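Presented below is the structure to which this report refers.
Numbered from 1 within each chain, the chains take letters A, B, ... in sequence-line order. All values derive from a computational prediction rather than experimental measurement.
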Protein chains: 2
Amino acid sequence: MVTTRDIAERLGVSISTVGRALADDARISEETKFRVRQAASEMGYVGNRAARMMRGASSNVVALVIPDIRNSFYSTIAHELSKNMEAEGFQLMLSETDDDRMVELRHLRELYANRVAGVIIVPTARPHNESVKLLRTLPHLQLLRRHPSLGSQWFGVDDHEALREATAHLVALGHTRIAYLGGPEELPTGADRLRGFRTALREGGLPDDAGRTELGPPSSVGHGRQTVRRLLRGPDAPTALVLGSIQLTLGVLEELSEQGVKVPGELSVVGFGDEPGFSWWGPGLTTIGMPIQEMATGCALWLMRRLKTKAGTDDPYTSVSPGSLILRGSTASPDGRTPSETARATAVD
Amino acid sequence: MVTTRDIAERLGVSISTVGRALADDARISEETKFRVRQAASEMGYVGNRAARMMRGASSNVVALVIPDIRNSFYSTIAHELSKNMEAEGFQLMLSETDDDRMVELRHLRELYANRVAGVIIVPTARPHNESVKLLRTLPHLQLLRRHPSLGSQWFGVDDHEALREATAHLVALGHTRIAYLGGPEELPTGADRLRGFRTALREGGLPDDAGRTELGPPSSVGHGRQTVRRLLRGPDAPTALVLGSIQLTLGVLEELSEQGVKVPGELSVVGFGDEPGFSWWGPGLTTIGMPIQEMATGCALWLMRRLKTKAGTDDPYTSVSPGSLILRGSTASPDGRTPSETARATAVD
DNA sequence: CTGAAAGCGCTAACAC
DNA sequence: GTGTTAGCGCTTTCAG
């Protein structure tokens with residue numbers, strides 16, 4: 001492991017001359033700088049960041065704390081962050097919580113021990129008290145989910161509006177028995193999406209029992225499969241289904257394919273997110289597209305700026321990106337007409 | 001930022017006593033240990049790993065260097081590593097190279113500057129010379145791709161056999177114009193897969209011009225779309241297609257869906273990898289399943305052991321996991337019979 | 001059982 | 001222009 005001292009000895013100069021030369025200090029002659037850089041390169045010198053950090057330099061590591069990287073929302077975010085940060089010389093640390101607050105805490109402790117420069121976090125439903133304390137002393141940013149105790153720097157999407165729009169689409173088609181399958185209410189996103197669903201029903205003038213809600217683990221494909229199977233077996237089976245998470249959507253699609261359920265004939269479906277396979281599923285999945293990429297880029301740029309300018313930019317900051325409903329073939333009127341036929345019929349009426 | 005010194009001052013003991021108490025040194029009385037731990041906890045003390053590293057402690061960070069986390073192979077690997085490492089108190093650094101050797105080099109420099117404990121890398125086609133040097137001084141492990149200059153610690157899958165098996169399946173069905181679309185030959189995986197394809201043709205007794213190979217960027221969905229479009233337009237359009245990368249498969253599936261190509265009627269297709277949507281694509285995609293998860297777990301365990309036991313376990317190590325052909329509906333004889341019909345026919349013949 | 005002191009690699013006063 | 005020195009937070013001799 002070659003150090004500045006090694007270079008100094010070899011060149012017969014002092015350690016600080018080497019340090020200054022490498023830092024391109026104005027007081028060092030060009031010739032010395034050249035010799036030092038030459039030697040450093042030859043000897044394979046790479047500065048020790050641990051030592052620099054002890055001298056007050058800040059880390060160049062930013063951590064991303066998320067439930068599960070296999071969820072494409074999060075891998076998109078990780079990619080976008082990584083790309084933007086690499087350009088600025090930052091490295092990305094990846095911490096998966098599996099939505100377990102104790103795992104989250106252990107990660108945050110490690111991140112703090114490593115004195116990371118910043119943290120971008122999709123918090124668990126109820127972060128541990130110590131997690132909150134740790135984050136208070138670290139530049140951080142919440143993503144998607146927003147927990148009041150973790151400050152007011154937040155980048156997310158308009159979950160309420162997205163679900164409202166998706167549900168309103170089904171209401172407009174004439175559905176009166178609509179089910180919503182999404183994450184638990186204790187997650188901020190889960191609560192917002194559920195509210196959006198209910199808002200649309202209310203605005204559509206539907207009675208309270210028109211909507212049926214099934215909440216559960218948002219990242220469980222299996223839970224999606226089981227729930228949709230149960231929903232369809234019941235006596236008052238819904239004629240339409242709105243999803244509130246990618247993984248649940250994946251489970252539902254698998255199950256519906258396997259059972260040979262006719263979509264949109266027997267059931268209209270609105271998915272969540274827009275995965276590669278969604279467009280070729282059955283008649284094409286009508287789904288809620290989320291601007292994850294844009295959000296992640298914004299988030300990266302904001303944090304980079306925050307970290308570069310030492311300034312205490314701790315002002316509340318909120319960025320809400322809108323989702324968009326992508327219309328394909330999986331939704332139709334309960335009587336079997338397609339959306340366009342319904343539109344025409346409505347126009348004639 | 002609270003240090004051991006702060007604790008020492010508050011308790012009126014020396015810094016070394018605090019250090020020893022926190023390290024659970026045998027020479028410190030239980031009472032003192034208790035008081036120190038109490039104070040540390042109250043004051044929110046978290047040890048500074050940078051300082052520890054300067055005293056010779058090793059980092060608890062392992063880096064994963066991959067082309068693109070959005071590729072589900074890599075996100076699965078990242079997840080599996082993360083899960084296994086968290087249990088051992090390690091953190092995961094994520095570095096994306098975008099298959100650019102200069103980006104790869106910049107990442108490796110940073111990783112070295114941060115003195116990471118180890119590196120798990122899916123190398124670019126031709127790593128920079130300095131990258132090779134850096135890796136030599138760092139415990140590392142190659143994943144999937146294997147570059148001779150980067151040592152002989154490698155975890156991967158049997159690409160040759162996987163493609164051989166997939167292609168043999170098509171040959172057995174009676175196809176005589178088979179196309180292979182995969183990554184460039186300069187990637188070790190690309191070369192192996194291509195060889196597997198050719199081996200199967202040869203073993204099937206097909207002439208050299210039976211196989212048509214299209215090599216290109218393995219992670220470009222768009223390239224997959226364009227190539228399949230071009231292939232199908234030609235005069236000698238193949239009757240079967242084997243894919244050699246996930247992203248290319250995604251592109252091909254999108255394009256075939258969009259163009260309404262009849263599968264397996266007009267074209268038999270064998271995909272690469274097994275994504276959620278592959279089972280519900282058209283008639284179900286026959287595809288090459290890769291045991292990525294098992295490989296990643298093995299890889300994590302191996303590296304953890306290697307890092308825990310300071311021992312210089314630098315013996316060559318190679319682990320090859322076998323892929324498996326998953327039969328669904330996208331392959332049939334060129335004359336339109338399904339695989340089972342062919343089997344029966346063959347039996348009768 | 002506990003304290004004093006040295007030193008890891010680097011940077012930044014403070015000399016000359 | 002360059003050298004000397006101190007000190008970041010921690011561990012680890014070496015002394016009591």
Side-chain angles (χ1 to χ4, degrees), chain A residues 1-40 43-61 109-117 137 310, chain B residues 1-40 43-61 109-117 137 310:
Chain A
M1 198 122 300
V2 33
T3 71
T4 45
R5 182 200 191 113
D6 297 330
I7 301 178
E9 281 175 358
R10 168 160 154 179
L11 261 48
V13 296
S14 77
I15 296 178
S16 34
T17 298
V18 172
R20 284 197 272 253
L22 292 172
D24 202 21
D25 190 299
R27 307 173 282 186
I28 301 291
S29 72
E30 281 307 321
E31 200 218 317
T32 309
K33 278 184 192 172
F34 180 78
R35 289 179 53 222
V36 169
R37 284 200 269 253
Q38 182 87 354
M43 303 169 76
Y45 169 82
V46 177
N48 184 331
R49 179 159 266 111
R52 285 197 184 133
M53 281 174 67
M54 289 204 56
R55 292 292 314 166
S58 77
S59 161
N60 69 334
V61 175
R109 273 205 273 246
E110 284 298 336
L111 296 174
Y112 188 80
N114 282 92
R115 300 298 190 269
V116 296
T137 67
K310 307 289 188 182
Chain B
M1 198 123 299
V2 33
T3 71
T4 45
R5 182 201 190 110
D6 297 329
I7 301 178
E9 280 175 0
R10 168 158 153 182
L11 260 48
V13 297
S14 76
I15 295 178
S16 26
T17 299
V18 172
R20 284 198 270 255
L22 291 172
D24 203 22
D25 190 297
R27 306 174 284 188
I28 301 291
S29 73
E30 281 307 320
E31 200 218 315
T32 308
K33 278 185 191 170
F34 179 78
R35 287 178 55 220
V36 169
R37 284 201 269 253
Q38 182 86 353
M43 302 168 74
Y45 170 81
V46 178
N48 184 333
R49 178 159 265 111
R52 285 196 183 135
M53 281 174 66
M54 287 203 56
R55 294 286 317 166
S58 77
S59 160
N60 68 335
V61 174
R109 272 206 273 247
E110 285 297 336
L111 295 174
Y112 187 80
N114 282 95
R115 300 297 191 269
V116 295
T137 66
K310 308 289 189 180

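Just one residue in the list B/Leu22, B/Asp6, B/Val18 forms a side chain to side chain contact (heavy atoms under 4.5 Å, CB included) with B/Tyr45, and that residue is B/Leu22.
B/Arg52 comes within 4.0 angstrom of sugar-phosphate atoms only, judged by non-hydrogen atoms across all strands, and of no base. Backbone-only engagement by B/Ser29 is indicated by non-hydrogen atom pairs under 4.0 Å involving sugar-phosphate atoms exclusively. Residue contacts shown for A/Thr3 are limited to sugar-phosphate atoms, with no base heavy atom under 4.0 Å away.
Taking atom CD1 of residue A/Ile7 and atom C1' of nucleotide C/dT11, one finds them 15 Å apart after rounding to whole Å. When rounded to the nearest whole Å, the span between CZ of A/Arg5 and P of C/dT11 equals 16 Å. Distance B/Ile15 CD1 to C/dG3 P: 11 Å, rounded to the nearest Å. Going from atom CE of A/Met54 over to atom P of C/dT11 covers 13 Å, rounded to whole Å. Rounded to whole angstrom, the span from the CG atom of B/Leu22 across to the P atom of C/dT2 amounts to 14 Å. Distance, B/Asn48 CG to C/dG9 C1': 14 Å, rounded to whole Å. As a whole-Å value, the separation of A/Arg55 CZ from C/dC10 C1' is 7 Å.
Closest of all the heavy-atom pairs between B/Ser59 and B/Ala117 is O-CB, 3.3 Å. Across all non-hydrogen atoms, the minimal contact from A/Ile7 to A/Ala39 is CG2-CB, 4.1 Å.
Between B/Ala26 and B/Arg115, it is B/Ala26 whose nearest contact on DNA chain C lies nearer the 5' terminus. With the nearest nucleotide of DNA chain C identified for both B/Val18 and A/Gly47, B/Val18 has the one nearer the 5' end.
Atom OG1 of B/Thr137 and atom CZ of B/Arg115 lie 8.0 Å apart (nearest 0.5 Å).
You'll find the side chain of B/Asn48 stays beyond 4.5 Å of the side chain of B/Thr3, heavy atoms only. Side chains of B/Asn114 and A/Asn60 form a contact here, defined as non-hydrogen atoms less than 4.5 Å apart.
With distances taken from any side-chain atom of B/Arg20 to the nucleotides C/dG3, C/dA13, C/dG7, the minimum falls on C/dG3.
Protein chain A contacts DNA chain D over a range whose 5' and 3' limits, counting nucleotides with an atom under 4.0 angstrom from a non-hydrogen atom, are D/dG1 to D/dG9.
The backbone N or O of A/Phe34 sits nowhere less than 3.5 Å from a side-chain atom of A/Arg37 that would complete a donor-acceptor pair.
Side-chain N/O atoms of B/Thr17 include one lying less than 4.0 angstrom from OP1 or OP2 on C/dG3.
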